[in-house]
A.B. asks: 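Pasting a structure below so you can have a look.
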Amino acid sequence: MTYCKTLKFACFCMISTLGFSAVAMANPEGLWATEPDRKGQTAHVSAERCGSGYCGTIVDVFGPNGKAIDAPTIGTRVFWGMTPQGTDIYEGQAYVPAHDRTYDARMALQGSRMKVSGCLGPICQSQMWTRVE
C-alpha cells in the first residue's frame, strides 16, 4: 500500500483495502444446491479451485421427496475452467448431464445465490443455485 500522508487519506486507504479484500473473497468455492430438473431431482455441486479457475462436481443427488438417491451423475464434473471476468462473474465450460452436452457457461454470484447459465449458439438457459455451505 502507498504511504498515506494525512489521516483522512490513511482512512481512505484502509477502507479501500478492506473493500478490495471483500470483493476478492467472493468466489464460487463451496457447496451449491441446484434447482430441480424435469424429474424433480436436485443436486449438490461442490465447487473448488482448479488451476487458474474453478470447477464443480456433483457430490449428491436428491429425489423430489428430498431424500438422497443413488444417481449415475454423482461424481460428474459439471463445470470447469471458470475464470473471473470481473467482480462476481466467471466464464468457462459446463456439462449438462440431461442433455449430454458441453456449453459455454457463465456464473454470476449474487450473495448466497449463483446464476448459472449456458448457451449453445443463440439458445441460452439458466438456473439459480443456492449456497449450502
Side-chain angles (χ1 to χ4, degrees):
M1 181 186 338
T2 21
Y3 177 74
C4 299
K5 294 182 181 181
T6 66
L7 183 57
K8 190 184 249 185
F9 190 65
C11 289
F12 174 76
C13 289
M14 286 179 61
I15 290 168
S16 296
T17 302
L18 291 174
F20 178 75
S21 296
V23 169
M25 287 173 41
N27 67 56
E29 284 182 279
L31 192 63
W32 295 89
T34 67
E35 286 183 9
D37 65 11
R38 290 182 212 160
K39 297 178 191 173
Q41 297 176 349
T42 59
H44 281 178
V45 176
S46 176
E48 60 189 16
R49 195 101 166 115
C50 294
S52 62
Y54 294 90
C55 56
T57 304
I58 295 174
V59 293
D60 286 306
V61 177
F62 303 91
N65 60 3
K67 292 186 179 180
I69 60 173
D70 187 26
T73 54
I74 294 173
T76 300
R77 180 155 291 166
V78 290
F79 66 83
W80 59 90
M82 290 291 192
T83 56
Q85 303 298 311
T87 306
D88 301 334
I89 303 289
Y90 297 82
E91 291 182 350
Q93 299 290 303
Y95 173 72
V96 178
H99 301 163
D100 193 25
R101 289 194 97 129
T102 299
Y103 299 91
D104 290 331
R106 171 178 237 180
M107 300 185 314
L109 292 169
Q110 301 168 0
S112 63
R113 302 189 73 187
M114 180 166 64
K115 183 177 181 180
V116 181
S117 55
C119 298
L120 184 61
I123 300 171
C124 299
Q125 291 185 331
S126 64
Q127 277 195 347
M128 190 62 80
W129 293 3
T130 305
R131 190 181 289 275
V132 175
E133 50 177 63

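Hydrogens, waters and symmetry mates are skipped; everything else that's a heavy atom, side chains included, is used.
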A.B. asks: Side-chain polar contacts of residues 37-50 - donor-acceptor pairs under 3.5 angstrom, sequence neighbours left out - could you list them?
C.D. replies:
from  : atom 1 : to    : atom 2 : distance (Å)
Asp37 : OD1    : Lys39 : N      : 2.9
Asp37 : OD1    : Gly40 : N      : 3.1
Asp37 : OD1    : Gln41 : N      : 2.9
Arg49 : NH1    : Tyr54 : OH     : 3.4

A.B. asks: Donor-acceptor pairs under 3.5 angstrom involving side-chain atoms of residues 97-105: please list them, not counting sequence neighbours.
C.D. replies:
from   : atom 1 : to     : atom 2 : distance (Å)
His99  : ND1    : Tyr103 : OH     : 2.8
Asp100 : OD1    : Tyr95  : OH     : 2.6
Asp104 : OD1    : Gln93  : NE2    : 2.8

A.B. asks: In Å and rounded to the nearest 0.5 Å, what is the CE to OG distance from Met114 to Ser126?
C.D. replies: 12.5 Å

A.B. asks: Using atom types as modelled, flag every donor-acceptor pair under 3.5 Å from a side chain in residues 67-82 to any protein atom, sequence neighbours excluded.
C.D. replies:
from  : atom 1 : to    : atom 2 : distance (Å)
Thr76 : OG1    : Thr73 : O      : 2.8

A.B. asks: Work out which heavy atom in Tyr90 is nearest to a heavy atom in Asn27; give both atom names and the distance.
C.D. replies: OH-CA, 3.4 Å

A.B. asks: Check side-chain hydrogen bond (donor to acceptor under 3.5 Å, both in side chains) between Thr83 and all other residues, then give those that pass, not counting sequence neighbours.
C.D. replies: Gln85

A.B. asks: With hydrophobic residues grouped by side-chain heavy-atom distances under 4.5 Å, do Val96 and Leu120 end up in a single group?
C.D. replies: yes

A.B. asks: I need the Trp129 CH2 to Leu31 CG distance, nearest 0.5 Å.
C.D. replies: 10.5 Å

A.B. asks: Could you tell me the separation between the CG atom of Asp88 and the CD atom of Gln110, rounded to the nearest 0.5 Å?
C.D. replies: 9.0 Å

A.B. asks: Establish whether Val59 and Val132 are linked, either directly or via other cluster members, by ILVMFWY side-chain heavy-atom contacts under 4.5 Å.
C.D. replies: yes

A.B. asks: Restricting to salt bridge (Lys or Arg N to Asp or Glu O under 4.0 Å), what partner residues turn up for Glu29, sequence neighbours left out?
C.D. replies: none

A.B. asks: Once side-chain contact (heavy atoms from CB on, under 4.5 Å) is applied, do any residues pair with Ser112, and if so which ones, sequence neighbours excluded?
C.D. replies: Arg131

A.B. asks: Which heavy atom in Ala108 sits nearest to a heavy atom in Ile89, and how many Å separate them?
C.D. replies: CB-CD1, 3.6 Å

